[in-house]
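The structure appears below as structure tokens.
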Amino acid sequence: MQQQRAQQCRRGKVRFRVAQILVRLIWISGIFTVALGALLSTHIFPSLNSVFCSRPSLADLHKLHRKLHFEQGEFGVQSSTKLSWTRELTPPHLSRRSQSSEKLDGVETLAGYGKLWKHPPRRNFEPCVEPSESYKAPEESQGYLLVHTNGGLNQMRAGICDMVAVARIINATLVIPELDKQSFWQDSSNFSDVFDEENFINTLANDVRIVRKLPKELASVTKAVKHFRSWSGVEYYQEEIAPLWQEFSVIRAAKSDSRLANNNLPPDIQKLRCRVHYDALRFAPPIEAMGQLLVKRMRSYGPYIALHLRYEKDMLAFSGCTHGLTAADADELTAIRENTPYWKVKEINSTEQRAKGLCPLTPKEVGIFLRALGYPPSTPIYIAAGEIYGGDACMAELESQFPNLIKKETLASKQELTPFVSHATQMAALDYIVSVESDVFVPTYSGNMARAVEGHRRYLGHRKTILPDRKALVYLFNKIDRGKLSEGKLSTIITEIHRKRQGSPRKRKGPISGTRGKERFRTEEAFYTNPLPECLCQKESTQDITESVFTVTNITSGKRLQDWNTENTFNQTSLNSTGVSGDVNIVTREPTILL
């Protein structure tokens, strides 16, 4: 018995040792497998890492996109190519990389990244531009209205809309407006080169009579040439302009900008202005097609910002802003301003202008601003602008912060842009389309295009438009330069300042209290910047489920931010009060000129 027990004991020990050896072998083999896998992924197959983990560079994306474009034709690619394109170019914030602990270019979570692109709550506001029941077809025409527009693209657009309304008020037949060919841009484009003439005439058939040319029998008749009074109401046109029909069959409007008041007009006239601006003034088919193609190509990079970088020679010369420029550059800009007859103010203190927030942000300041808001360096940014003053050297600091800067000239081929490139108005129209359709629009100056795009985006559902508080930003940037503010605190302050400057629904701002006469009209917010309440109506439903999820909470520290929001009462006001405005021309009333 004892011998049997001893044998069983020895057998048990043997089995235990065998088990230990097997466990050790399994453990060692596991370690070896892990080490081998790491070795293979790191040294032998490094390309796999780049395929599954890294984002293609902008140059690679553009090269591939150009290749697909030229292979598939001018205005599209085949469905199979689209499928491959979508798989290969998944934006970084939609990739399948770990989302639990990884930060994305300074944004703590993907949810935080999503908020950067979220539109503000629209609060059930929708376009409402249909005329009232009492609105009738145009009455018998009393004569013809000739219009000479002035300014750049968007100044002319607003003027055309106003002149359609004026034609309705005075019962005139409108002759297709003549575009400005003498402005800074020296563009030879005609109306039909920029706008869809057929659509313009047909869309407004029930509002005003429109003809392409003045009848031959009236070509040599005496015309009444008038500088219509700025910001005038219906009474002015009915009492002072309409009586001219008793002597003349043709009235010529020498200028078109700001000839109609922003407020206190009949609702049907206001709605007509919106129908013209957002429906009738469609761009010419070639421009529209090219613009939508640019939008499509921008979207291939993911959500994008359209940056209206108004850091161009004409704007800097006009505004007198020379911060960061050389003495030679400042002298050149001053010379341009002094030699431009219709710019009223010749002597401007650049430092004061900047401190008041009346200067466009520099490319460097734009980079600081966007990073402070939380946008990562990989953000695709479309540069909606002409030639930037200072060229690549001026853009270097912005590009160092946001390498994915894209322009028309890099997004489209030279052959594609050839029909438009020598026409500043048409090139501006392409920028307008890409800006209106962008995920986020950021203007660096409150000029005509910035205001027009902002208003259009409000009309289309209050798409996100971030309006920099330039006066507050300059104050902050100066504090950083003096070492009195850390960059760590800058992001929090800038984010809070701009929490309510992102295009959410609000009524158009009226004049500043205490202003009188023309100064009062200058301080009003432009009608085309915000067509609410006349052209945007709130549905009866009390809450939109989608918007309720994303409603931004009110800032509790309102008193602390009060000093920062000085520009929120409409930045252009201060500019106009100095008399340095290229968007509104002050024209004294002039006598009728007989030709």
Side-chain angles (χ1 to χ4, degrees), residues 131 134-151 155-182 190-192 195 197-261 265-266 268-277 280-281 585 587-595:
S134 61
Y135 190 81
K136 300 178 181 178
E139 298 180 4
E140 182 179 355
S141 176
Q142 299 296 304
Y144 291 86
L145 176 62
L146 299 176
V147 176
H148 179 83
T149 61
N150 57 293
Q155 190 170 333
M156 290 191 292
R157 278 168 56 90
I160 292 169
C161 296
D162 285 356
M163 289 300 103
V164 170
V166 169
R168 170 80 188 190
I169 293 170
I170 64 176
N171 297 328
T173 295
L174 178 68
V175 180
I176 288 291
E178 178 184 350
L179 300 190
D180 188 349
K181 297 179 174 62
Q182 303 300 320
N190 294 315
F191 186 94
S192 59
F195 303 108
E197 197 171 90
E198 288 292 334
N199 182 73
F200 182 73
I201 295 173
N202 295 335
T203 301
L204 299 174
N206 294 325
D207 300 296
V208 293
R209 291 180 176 87
I210 302 176
V211 296
R212 290 180 172 82
K213 294 181 180 180
L214 190 68
K216 292 182 178 180
E217 61 270 20
L218 297 178
S220 59
V221 301
T222 302
K223 306 173 182 64
V225 180
K226 294 287 292 183
H227 286 264
F228 295 158
R229 192 173 66 196
S230 302
W231 302 295
S232 297
V234 170
E235 296 79 9
Y236 165 78
Y237 286 102
Q238 290 177 336
E239 296 172 6
E240 298 195 34
I241 302 302
L244 292 173
W245 294 132
Q246 298 173 13
E247 300 181 46
F248 307 98
S249 55
V250 180
I251 298 175
R252 181 179 179 87
K255 289 189 175 182
S256 65
D257 64 320
S258 304
R259 305 298 117 178
L260 203 58
L265 294 176
D268 274 330
I269 293 298
Q270 298 287 60
K271 291 178 183 296
L272 172 58
R273 295 169 85 181
C274 287
R275 290 199 297 275
V276 182
H277 199 272
L281 272 183
N585 291 318
V587 180
T588 56
R589 189 175 176 188
E590 301 180 10
T592 302
I593 303 174
L594 301 182
L595 296 180

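- Considering only residues two or more places apart in sequence or on other chains, Ala254 meets the side-chain contact (heavy atoms from CB on, under 4.5 Å) condition with Val225, His227.
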Under the side chain to side chain contact (heavy atoms under 4.5 Å, CB included) rule, what do Ser230 and Arg259 come out as? Steps first, then yes or no, please. CA-CA 4 Å; Ser230 302; Arg259 305 298 117 178; 3.7 Å; yes
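- For the pairing with Val175, the side chain to side chain contact (heavy atoms under 4.5 Å, CB included) check across Leu146, Leu218, Val250, Val147 returns one residue only, Leu146.
- At least one side-chain heavy atom of His277 sits under 4.5 Å from a side-chain heavy atom of Arg157.
- In this structure, the separation between CD1 on Ile176 and CD1 on Ile210 is 6.0 Å, given to the nearest 0.5 Å.
- With hydrogens and angles left out, the side-chain atoms of Asn150 and Asp257 include a donor and acceptor closer than 3.5 Å.
- Within 6.0 Å of atom CD in Glu140, 12 or fewer heavy atoms from other residues, nucleotides or ligands are found, so the atom counts as exposed in its surroundings.
- Applying the side-chain contact (heavy atoms from CB on, under 4.5 Å) rule to Thr173 yields the partners Ser141, Tyr144, Arg209, Val211; only residues at least two apart in sequence or on another chain are considered.
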Hey, mind stepping through Leu281 and Cys161 against side chain to side chain contact (heavy atoms under 4.5 Å, CB included) and telling me if it holds? CA-CA 8 Å; Leu281 272 183; Cys161 296; 3.8 Å; yes
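- Shortest non-hydrogen contact noted between Pro243 and Glu240 is CD-C, 3.7 Å.
- In this structure, Met163 CE and Ile169 CD1 are separated by 9.0 Å, a value rounded to the nearest 0.5 Å.
- Listed by chain and number, the residues in a side chain to side chain donor-acceptor pair (under 3.5 Å) with Asp207 are Tyr135, Arg275 (sequence neighbours excluded).
- Within a 6.0 Å radius of CG in Asn190, more than 12 heavy atoms belonging to other residues, nucleotides or ligands are found.
- Not counting sequence neighbours, Gln238 has no partner by the side chain to side chain donor-acceptor pair (under 3.5 Å) test.
- For the pair Pro177 and Ile160, the minimum side-chain heavy-atom distance is below 4.5 Å.
- With sequence neighbours excluded, the residues forming a side-chain contact (heavy atoms from CB on, under 4.5 Å) with Asn199 are Asp196, Thr203, Arg282, listed by chain and number.
- We find the CD-OG distance between Glu217 and Ser249 to be 9.5 Å, quoted to the nearest 0.5 Å.
- Checked against side-chain contact (heavy atoms from CB on, under 4.5 Å), Asn171 has the following partners two or more places apart in sequence or in another chain: Glu139, Gln142.
- Contacts classified as salt bridge (charged side-chain N to carboxylate O under 4.0 Å, His left out) and involving residues 158-176 (residues at least two apart or in different chains) are given here: Asp162-Arg273.
- For the atom pair CZ of Arg252 and NZ of Lys226, the computed distance is 15.0 Å after rounding to the nearest 0.5 Å.
- Taking Phe191 as the reference, Phe195, Phe200 meet the ring pair (Phe, Tyr, Trp, His ring centres under 6.0 Å) condition, with sequence neighbours excluded.
- Ser232 contributes atom OG, which lies 8.0 Å from atom CG of Leu260 (distance to the nearest 0.5 angstrom).
- Atom CG of residue Leu272 and atom CG of residue Leu204 lie 6.5 Å apart, to the nearest 0.5 angstrom.
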Evaluate the criterion side chain to side chain contact (heavy atoms under 4.5 Å, CB included) for residue pair Ile201 and Arg212; output intermediate values, then yes/no. CA-CA 9 Å; Ile201 295 173; Arg212 290 180 172 82; 3.8 Å; yes
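- Across Ile170 and Trp245, no two heavy atoms sit closer than the pair O-NE1, 2.9 Å.
- Across all their heavy atoms, Glu197 and Ser192 have their closest contact at OE2-CB, 3.7 Å.
- Scanning all heavy atoms of the two residues, the minimum distance from Ala224 to Leu244 falls at CB-CD1, 4.4 Å.
- A pairwise comparison of heavy atoms in Phe228 and Tyr237 identifies CB-OH, 3.5 Å as the closest pair.
- For the pair Thr149/Glu178, no side-chain contact is recorded, criterion being any heavy-atom separation below 4.5 Å from C-beta on.
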